[in-house]
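Read the structure below first, then the notes.
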Amino acid sequence: MTRSSVQYADIARLALQRRRLFLTVPLLLATIFVCVSLVLPRAWTTSASFTPQQSGGSLSSLSGLASQFGVSVPVGGDGQGPDFYS
C-alpha cells in the first residue's frame with residue numbers, strides 16, 4: 001500500500017480494530033500526568049524592580065529618544081532615590 005492509496009475508510013477500519021489501544025493509551029497518559037502533577041512540589045517565581053521617576057523636560061524627552069536607540073544618557077533632576085522606596 002503506497003502513501004497515496006490510504007483512504008479515510010482504511011484509517012477508520014484501523015481505529016475500530018485497535019479501539020482498545022486508542023482508548024487506553026490516552027487514559028493511561030492522563031492518569032500518569034495527574035499523578036505526577038500531584039506529587040511534584042509547586043513553585044512560583046516572581047520579580048519586581050523600582051525605577052525612579054524623572055522630572056519632565058526637554059532633556060528627559062531627548063534621553064528617552066536616545067534610549068530607544070540603545071544610548072544611555074544620564075538625566076539629573078528631581079528624581080527620587082532608592083531611599084524613598086524603602
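Along the sequence shown, residues are numbered consecutively beginning with 1.
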So, does R18 use its side chain to make a donor-acceptor pair with the main chain of A15 at under 3.5 Å?
no
Same apolar cluster (I L V M F W Y, side chains within < 4.5 Å links), I11/L21:
no
Decide yes or no for F22 and R20: does some side-chain heavy atom of the first lie under 4.5 Å from some side-chain heavy atom of the second?
no
Between V34 and the options L38, T31, V36, I32, the side chain to side chain contact (heavy atoms under 4.5 Å, CB included) test singles out L38
